[in-house]
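Keep in mind that what you see is a predicted model, and the values were worked out from it rather than measured.
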Amino acid sequence: MTEGNRHMHLLLVDGSGYIFRAFHALPPLNRKSDGLPVGCVQGFCNMLFKLTQDMDIDEPPTHMAVIFDHSAKTFRDNIYSEYKAHRPPAPEELVPQFPLTRSATRAFSIPAIEMEGWEADDIMATYACQAKARGWKVTIASSDKDLMQLVEPDGSIRLLDTIPRPGQPPLRWIGPDEVFTKFGVTPDKVIDVQALCGDAVDNVPGVPGIGVKTAAELINTYGNLETLLERATEIKQNARREKLIANAELARISKKLVTLEQSVPVEIDLDGLVRQPISPGTLFPFLKAMEFATITKRLAGLLEANPDDFEADPDLRAGGADAPASLKSTSLSVAKAKLAAQTVPGSGPAKFAAEEHARIKAIPVDYDAYEIVNTPERLAAWVQKIWDVGRVSIDTETTGLDPQQADLVGICLSTQIGEGCYVPVGHVLPGDLLAGGGLVEGQLPIRDVLDALKPVIEAPSILKIGQNIKYDMEIFWRYGINLAPIDDTMLISYALDGPRYNGMDVLADHWLGHKTITFSELAGTGKSQKTFDQLDIAAAARYAAEDADVTLRLWHVLKPRLAAENATTLYETLERPLAPVLARMEARGITVDRQILARLSGDFSQRAAAFEAEAYELAGQSFNLGSPKQLGEILFDKMGIEGGTKTKTGAWSTGADVLEDLALKGVPLARTIVDWRQLTKLKGTYTDALPTYMNPRTGRVHTSYSQASVLTGRLSSNDPNLQNIPVRTADGRKIRTAFVAAPGKVLISADYSQIELRVLAHIADIQALKDAFEEGLDIHAMTASEMFNVPVEGMPSEVRRRAKAINFGIIYGISAFGLANQLGIARGEAGDYIKTYFERFPGIRDYMDEQKVKVKADGYVTTIFGRKIQFPNANSGNPSERSFVERASINAPIQGSAADIIRRAMIRMEPELKKAKIDADMLLQVHDELIFEVPEGTEDQAIPVIKRVMENAAEPAVRLTVPIQVDAHAAKNWDEAH
DNA sequence: GCAAGGACGTA
DNA sequence: GTACGTCCTTGCA
């Protein structure tokens with residue numbers, strides 16, 4: 001990048017200075033719809049935009065950032081407790097505008113930077129210093145005299161005063177000459193002068209009685225502060241000499257206070273500040289939320305965009321992110337008009353997305369353009385290319401599918417569509433297990449490759465794009481590399497289209513019309529399938545580089561759709577930040593006690609064998625108890641039991657409910673089978689299988705979470721599934737006792753109480769339910785009491801059980817048929833229950849009708865956080881399919897909103913725990929429950945923080961109108977903690 | 001060797 | 001009646 005250095009120009013804006021200027025210079029202004037004070041935000045936007053326009057005329061910056069003061073204390077408070085002590089607290093109406101100015105900055109696609117413990121001046125000093133080291137030019141938009149110490153004699157670092165002053169030009173540069181006019185010294189001596197004269201505003205003491213003029217004279221005479229203080233006795237004037245000697249220490253402290261720190265550990269490096277074009281999809285949702293009509297109009301003209309294509313940012317608009325209008329409104333025409341405005345590819349982001357799609361799709365895949373990297377020079381060239389472009393699509397090839405076990409075999413990269421490279425590092429020669437192959441020639445040493453790539457993979461300024469990048473994050477962690485920041489095409493697709501097109505092969509086929517090489521084509525299938533390290537490098541490279549190339553293409557196609565289809569907030573708040581959280585949970589794993597499981601296996605297998613013998617006895621023959629087919633034939637054909645039903649494929653139904661029924665009717669074999677099935681299920685799926693998942697490296701079990709496979713936004717867990725560990729039966733719970741805390745630790749289980757019913761009460765706005773939750777009542781008993789006119793006191797458990805079934809039925813999109821089945825009552829009776837329920841809670845029926853209408857009209861329903869859940873066959877010609885969609889569309893906003901809430905809790909959990917200085921590891925998520933591992937004895941500190949984060953997770957995006965309750969317990973094992 | 005269907009574990 | 005993943009058998013290649 002040395003070639004371009006002459007033209008690099010960094011513009012740093014003193015954000016806090018701008019805020020206060022806007023505040024003092026402008027009349028107050030309140031947002032029309034809710035009175036939120038926004039005058040300062042508006043002024044800030046105007047000033048920021050004007051600055052970029054003015055600068056672009058003759059000195060366009062190539063890099064830019066707005067730097068803010070962080071409200072917390074800084075290192076200067078430790079040096080001098082009185083520092084800035086005279087500063088009054090910020091005016092009340094200014095406080096809510098602080099975060100909004102950050103949002104404003106980001107809306108203009110400019111990085112907004114602030115750091116706890118540092119003043120904006122220190123951060124600016126650091127960036128200026130870094131930029132100077134690279135030979136860049138630096139402009140600091142600020143009139144703060146404290147920054148004058150940064151001015152360079154050669155003018156490479158200058159300040160820019162933009163405060164309008166009558167009779168003066170709008171932009172006034174502050175270079176060495178201006179500094180000399182102000183302080184009477186060259187910029188490098190400014191801090192010495194300030195150390196002597198102090199600063200009344202910041203309460204920097206200085207030496208009492210010495211002003212700027214005297215200070216400058218002294219410093220110019222003695223060269224610098226230290227020399228002056230050492231030789232103070234030589235000063236002729238009595239008063240001046242005495243003051244200096246008496247206050248030497250105060251002067252030294254003052255110097256420390258005014259000296260700006262130039263090595264702040266900034267999280268974003270200079271490359272991350274590269275100037276971005278203003279994106280209408282980012283800008284207009286903000287401006288509309290603020291209701292800045294004039295700026296909106298002006299910028300729409302300049303950007304040639306139509307603001308009507310964008311909706312106000314739901315997190316910022318008046319009333320906060322309330323339920324989307326579609327949930328509240330039954331007006332179909334409104335919903336349809338909105339949909340049309342979003343998707344008509346005639347203008348704005350939708351047009352851009354459509355054009356990008358067409359452009360990318362037309363570029364053919366050329367396998368010959370891919371490169372195998374096996375020299376340090378070529379690797380270095382790729383690294384340089386990544387720095388230049390600022391982003392890279394990346395994929396790892398490994399020996400297996402388990403990110404906690406698979407070893408790295410190669411890395412593929414692509415920075416530009418149509419290009420791609422493969423860096424093989426772990427391909428082995430054929431050989432038996434004992435002879436052990438050895439590495440194939442022509443590969444760079446893995447350590448060299450990782451050392452070369454680590455800086456870009458960890459660079460905050462380089463975006464790493466992947467398909468299911470959580471996998472690659474975990475692989476790289478095991479090699480000591482922290483992959484961040486990320487974008488994930490799988491998650492972008494999920495935010496847009498749900499789990500419909502999961503998988504890169506499907507995405508490539510659907511969006512690019514390109515069939516990728518499949519792993520089976522490359523490595524074979526089944527038992528003879530090769531692992532990646534056994535593949536020929538040339539063949540592997542085509543497959544691998546194609547993956548990186550295609551991922552980059554998909555990113556170009558899918559990313560613009562986020563803005564075009566209003567899914568940016570969903571992706572940025574609920575998808576992208578969750579991936580690294582899940583990666584860490586997977587990497588941690590959980591300890592499982594092998595011995596407990598082994599003992600249970602033995603017990604279950606003995607008892608199952610007894611049931612097996614009993615079953616043969618009762619059946620009068622032996623048969624495969626695991627075969628529903630054979631069992632059906634014995635029960636209904638051979639034994640001639642009446643009343644059997646058939647499944648849709650014509651086989652006898654032998655499900656647990658059928659067998660339970662038969663058992664009650666006096667068929668002892670049915671009971672035996674039920675018992676046998678339960679035990680063999682527990683043994684086969686849990687006590688036998690779980691130990692095989694124990695990772696030999698960590699000794700723990702690491703599940704894998706799928707973030708993008710559930711229609712409603714829930715997670716799913718696999719290999720092994722730790723979201724269906726038994727809990728309902730006594731035998732089942734014994735399995736939970738095998739999930740234990742590591743030595744010296746305890747597990748905490750924290751679960752949302754009745755989260756879905758609470759969400760339902762909120763969405764459907766059911767006052768009676770809300771009141772019950774507000775008063776902390778037993779919700780099922782209360783429902784029963786309302787429906788059956790029975791007092792809660794002394795209520796028969798059967799009555800409560802029925803009400804509970806109805807409550808769940810409501811959540812599942814109730815039908816008389818289903819409820820009757822569940823409760824074992826007649827269809828008519830179940831229908832009466834439902835009717836009564838609707839009479840007692842009339843809002844429920846309205847809610848259900850709204851969802852049904854909406855799904856038919858729009859093809860989707862939404863959660864309270866704006867996640868769309870699509871049902872492509874909502875208008876199917878098949879009546880049973882249609883009713884199925886109706887029920888699912890009733891359930892999806894409830895299940896999905898609850899899922900979004902716990903996602904928000906998970907995303908916030910780690911930083912909040914860290915802030916509270918709690919050492920707690922989040923290990924598992926089971927839909928409404930989070931499992932943590934904490935040092936023994938710290939559970940009482942951890943639990944309140946965990947509860948607080950979970951209970952407030954919806955805020956501030958959504959203000960729920962029901963209280964959310966979380967119950968948390970600690971114990972050595974999961975069974976006791978739950 | 002693989003896919004589909006049935007059964008069953010969870011929220 | 002919603003949403004999942006896993007184990008096992010069966011039937012076909």
Would you mind building the protein contact string for nucleotides 5-11 of chain B? One character per nucleotide, 5' to 3', B for base within reach (heavy atoms under 4.0 Å), S for sugar-phosphate only, - for untouched. SSSBBBB
Between C:dG1 atom P and A:Tyr833 atom OH, what is the distance in whole Å? 17 Å
Which whole-number value in Å describes the distance from A:Phe808 CZ to C:dA3 P? 16 Å
Min side-chain heavy-atom separation A:Met950-A:Met909 under 4.5 Å: yes
Side-chain heavy-atom pair A:Ile634, A:Phe623 within 4.5 angstrom cut-off: yes
Could you check whether [X] gets within reach of a base, just the sugar-phosphate, or nothing at all, counting any heavy atom under 4.0 Å?
| X | result |
| --- | --- |
| A:Ser717 | sugar-phosphate |
| A:Ala899 | nothing |
| A:Ala805 | base |
| A:Gly626 | sugar-phosphate |
| A:Ile811 | nothing |
| A:Thr525 | sugar-phosphate |

Any luck finding a side-chain donor-acceptor pair between [X] and [Y] under 3.5 Å?
| X | Y | value |
| --- | --- | --- |
| A:Glu929 | A:Ser749 | yes |
| A:Glu586 | A:Gln404 | no |
| A:Lys638 | A:Gln621 | yes |

Selected nucleotide, minimal atom distance to A:Asn718 side chain, candidates C:dG11, C:dT6, C:dG1: C:dT6
Between C:dT9, C:dT6, C:dG1, spot the one nearest the side chain of A:Asn821, thanks. C:dG1
Flag the pair A:Glu850 and A:Arg845 as a salt bridge only when some basic side-chain nitrogen lies within less than 4.0 angstrom of an acidic carboxylate oxygen. no
Taking the basic N atoms (NZ, or NE/NH1/NH2) and the acidic carboxylate oxygens, is any pair closer than 4.0 Å for A:Arg700 and A:Glu933? yes
Does A:Ser716 place a side-chain N or O at less than 4.0 Å from the phosphate oxygens OP1/OP2 of C:dG5? yes
